[in-house]
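Worksheet for the structure shown next.
Everything quoted here is computed from the prediction, not taken from an experiment.
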Amino acid sequence: MTGIRLTAPAPGWAIDADVVVVGSGVAGLTTALRCAAAGLDTVVVTKARLDDGSTRWAQGGIAAALGEGDTPEQHLDDTLVAGAGLCDEEAVRVLVTEGPDAVRRLITTGATFDTTDSGDIALTREGGHHRRRIAHAGGDATGAEISRALVEAVRSAALHTIENALVLDLLTDAEGRTAGVSLHVMGEGQHDGVGAVRAPSVVLATGGMGQVFSATTNPSVSTGDGVALALRAGAEVSDLEFVQFHPTVLFLGADSEGQQPLVSEAVRGEGAHLVDAAGTRFMLGQHELAELAPRDIVAKAITRQMHEHGTEHMYLDARHFGARMWEQRFPTILAACRAHGIDPVTEPVPVAPAAHYASGGIRTDLRGRTTVPGLYACGEVACTGVHGANRLASNSLLEGLVFAERIAADIAQTRPPRTEPAEAAGEGSDEPVALLAPEARTAIQRTMTRGAGVLRSAASLATAAEELEALHRSAAADPKDAVPGVDAWEVTNLLLVSRVLVAAAREREETRGCHWREDRPDRDDEHWRRHLVVRIAPDRTPVVDRTETAAFPPVRPAD
């Protein structure tokens with residue numbers, strides 16, 4: 001344990017449970033439903049409303065070997081290729097073999113997928129997949145449908161939910177085992193202000209950290225809270241340098257910041273072309289799958305074209321779809337484009353890469369267990385080893401489903417007893433973290449975009465590290481500037497996650513997957529087919545260790 005906690009008031013209220021799940025996307029709600037079904041007293045904590053997580057924004061779909069002629073083995077092969085030598089093959093095998101039945105269970109929960117005329121699930125292709133294996137709903141509203149079904153199931157089951165709550169820190173007992181979380185509830189409700197949910201099992205399913213960059217497809221709630229909490233609690237994170245930049249995000253201008261509209265990979269899966277201003281397809285000859293190459297390859301190709309042409313975006317041309325296909329297959333994307341004055345039926349869509357998905361995260365085993373006893377992680381916040389150096393398209397929703405079920409099964413089997421927290425998180429904690437003023441958020445995002453974006457180098461990363469450390473030192477030197485509150489806690493989390501990400505990116509002196517070093521353009525398997533495992537020392541310094549092989553070490557010595 002680090003003894004490091006956010007500066008916050010002491011909890012003014014507390015409730016007890018067997019399990020607290022933090023997050024309400026596919027990973028969190030699936031875990032909660034399975035735990036409740038096993039008879040565990042389960043509480044769901046979510047930062048906004050139940051349906052406001054990243055799952056709702058997922059357009060493309062969920063990947064599984066459901067089609068005729070497709071097999072888990074083929075899905076495994078595509079995943080391993082996309083992961084650029086760093087996938088944990090055993091974790092991928094779990095994903096692809098348990099995935100089809102997990103999707104079928106999701107359907108029995110109430111999710112409705114698009115079907116063919118014969119009644120089979122309609123499947124499409126996305127980048128990196130050699131077969132049609134992407135199930136979708138509402139054309140391009142898959143995440144919204146999955147979220148709707150799971151939220152309805154949670155409400156039907158009358159699970160205890162706490163909405164509009166920012167989780168702060170992990171509570172632990174005298175033995176260093178998980179004993180719950182502290183949290184702050186915003187606005188009106190059953191609870192208000194800082195409180196605690198005391199539980200011997202905590203599942204972090206808090207989603208991504210895209211808000212560390214200026215432009216991202218992630219919603220505003222994606223500020224890396226789960227990764228930051230885990231680091232302060234002494235957990236290890238891994239592969240945080242592998243941030244996937246989605247190749248085709250609607251370009252709204254060089255100064256656009258915050259959440260940007262995504263143009264799903266499924267648009268290319270249905271035959272859209274990437275072109276430059278002259279209408280020339282530039283992916284032909286660059287990869288056997290052309291526009292459907294893995295995302296890192298497409299993002300790099302677009303970025304290269306932008307540099308060569310001196311422009312800030314390329315184009316996605318799907319005019320040949322016609323109005324009817326756009327309206328039926330991609331109604332959400334069509335509406336988003338038109339809302340910004342672009343009609344994809346009659347003109348190419350301007351696109352550029354933006355931060356999309358964290359392939360790394362809190363290090364777990366195949367049961368979702370982290371290096372802190374009683375603390376689990378699932379979904380984008382976790383690093384299960386499934387994604388390696390670059391996530392294969394539409395594997396994220398499947399990962400959330402499969403590993404959520406495994407976590408619930410592990411908790412139901414072990415049923416750890418409830419224990420008392422050794423101390424309440426708050427002003428009396430050993431090492432309260434000096435908070436940043438909320439206005440530092442923009443400075444962090446711009447530093448990260450300049451220094452640790454799609455293109456990285458030793459120089460850009462060194463500058464980013466220097467600027468982030470200056471913010472860290474400034475907050476520690478004069479902590480009076482920031483008052484405890486949601487904005488200050490979020491920006492303090494963003495800074496911690498950014499410092500760790502940059503530390504890992506500086507260490508990895510090669511180009512692999514979605515980590516692109518201009519000064520180290522080649523992949524170096526001999527020295528770098530390894531994982532980087534990071535923890536925070538008690539003096540708040542990121543400590544980066546390289547594994548001896550491509551295999552992850554056990555999360556605990558007894559494993």
Side-chain angles (χ1 to χ4, degrees), residues 19 21-35 42 44-47 50-64 75 79 88 91-92 94-111 113 133-137 142-151 153-154 203-210 217-219 221-222 226-227 244 356-362 364-370 376-387 391-411:
V19 185
V21 178
V22 186
S24 61
V26 63
L29 295 188
T30 300
T31 304
L33 286 166
R34 297 293 184 270
C35 285
T42 305
V44 177
V45 174
T46 186
K47 194 172 178 182
L50 276 180
D51 61 353
D52 276 348
S54 293
T55 292
R56 181 163 68 92
W57 298 97
Q59 294 174 344
I62 184 165
H75 190 182
T79 300
D88 181 318
V92 178
V94 164
L95 179 83
V96 299
T97 55
E98 297 181 11
D101 282 343
V103 172
R104 295 182 185 104
R105 283 189 288 274
L106 179 63
I107 293 171
T108 64
T109 302
F113 290 95
R133 66 167 65 97
I134 316 300
H136 49 84
T142 310
E145 170 58 17
I146 290 173
S147 180
R148 178 205 63 76
L150 291 172
V151 167
V154 163
V203 183
L204 296 177
T206 52
M209 55 185 190
T217 62
N218 291 189
V221 295
S222 298
V227 169
Q244 187 178 84
H356 182 58
Y357 191 89
S359 292
I362 307 165
T364 74
D365 64 10
L366 298 183
R367 289 181 277 173
R369 302 181 305 167
T370 74
Y376 297 78
C378 190
E380 188 173 354
V381 74
C383 180
T384 61
V386 159
H387 304 308
R391 174 176 68 92
L392 181 64
S394 287
N395 268 357
S396 54
L397 292 176
L398 191 71
E399 181 194 32
L401 269 185
V402 168
F403 286 90
E405 294 185 342
R406 287 181 147 249
I407 288 172
D410 191 69
I411 296 172

- Message: Main chain of Leu95, side chain of Glu399: is a donor-acceptor contact present, judged purely on distance under 3.5 Å?
- Response: no
- All heavy atoms of Ala91 vs all of Val386, minimum pair found to be O-CG2, 3.7 Å
- Query: Do you know which two heavy atoms are closest between Val221 and Lys47, and how far apart they sit?
  - Reply: O-NZ, 3.0 Å
- Task: May I ask you to decide if Ala144's main-chain N or O and Ser147's side chain share a donor-acceptor pair within less than 3.5 Å?
- Result: no
- Item | Distance in Å, Met209 CE paired with Asn218 CG, rounded so as to fall on 0.5 Å steps | 9.5 Å
- Query: Are Thr364 and Phe403 close enough that some pair of their side-chain heavy atoms sits under 4.5 Å apart?
  - Reply: no
- Message: So which atom in Gly226 and which in Thr206 form the shortest heavy-atom distance, rounded to 0.1 Å?
- Response: CA-OG1, 3.2 Å
- Item | side-chain contact (heavy atoms from CB on, under 4.5 Å) assessment of Leu398 paired with His75 | CA-CA 12 Å; Leu398 191 71; His75 190 182; 3.9 Å; yes
- Can any side-chain N or O of Thr42 pair as donor or acceptor with the backbone N or O of Val19 at less than 3.5 Å? no
- Item | Heavy-atom donor-acceptor pair, Ser24 side chain to Leu50 backbone, under 3.5 Å | yes
- Message: Could you tell me if the side chain of Leu204 sits less than 4.5 Å from the side chain of Val227, heavy atoms only?
- Response: no
- Task: Would you name the heavy atoms of Gln244 and Arg391 that are closest together and state the gap between them?
- Result: NE2-O, 2.8 Å
- Between CD1 of Ile146 and CD1 of Ile62, what distance do you get to the nearest 0.5 Å? 5.0 Å
- Task: Please round to the nearest 0.5 Å and tell me the distance separating atom CZ of Arg104 and atom CD1 of Ile107.
- Result: 8.0 Å
- Might you point out which heavy atoms bring Glu380 and Ala358 nearest each other, and give the distance in Å? OE2-N, 2.9 Å
- Query: Judged by atom type as modelled, is there a donor-acceptor pair below 3.5 Å linking the side chain of Thr30 to the main-chain atoms of Val26?
  - Reply: yes
- Item | Criterion side-chain contact (heavy atoms from CB on, under 4.5 Å) against Arg367, the qualifying member of Ile411, Ile407, Asp410 | Asp410
- Task: Taking all non-hydrogen atoms of both residues into account, name the closest pair between Ala111 and Ala149 and its distance.
- Result: N-CB, 3.5 Å
- To the nearest 0.5 Å, what is the distance between CD1 (Ile134) and CG (Asn395)? 7.5 Å
- Does any N or O in the side chain of Asp88 come within less than 3.5 Å of the main-chain N or O of Gly385, such that one atom is a donor and the other an acceptor? no
- Answer yes or no: is there a donor N or O on one side and an acceptor on the other, between the side chain of Arg34 and the main chain of Ala404, under 3.5 Å? no
- Query: Counting only N and O atoms by type, is there a donor-acceptor contact under 3.5 Å from the side chain of Asp365 to the main-chain atoms of Thr370?
  - Reply: no
- Taking C-beta and beyond as the side chain, do Thr31 and Tyr376 meet within less than 4.5 Å on heavy atoms? no
- Judged by modelled atom types alone, do His136 and Thr142 share a side-chain donor-acceptor pair under 3.5 Å? no
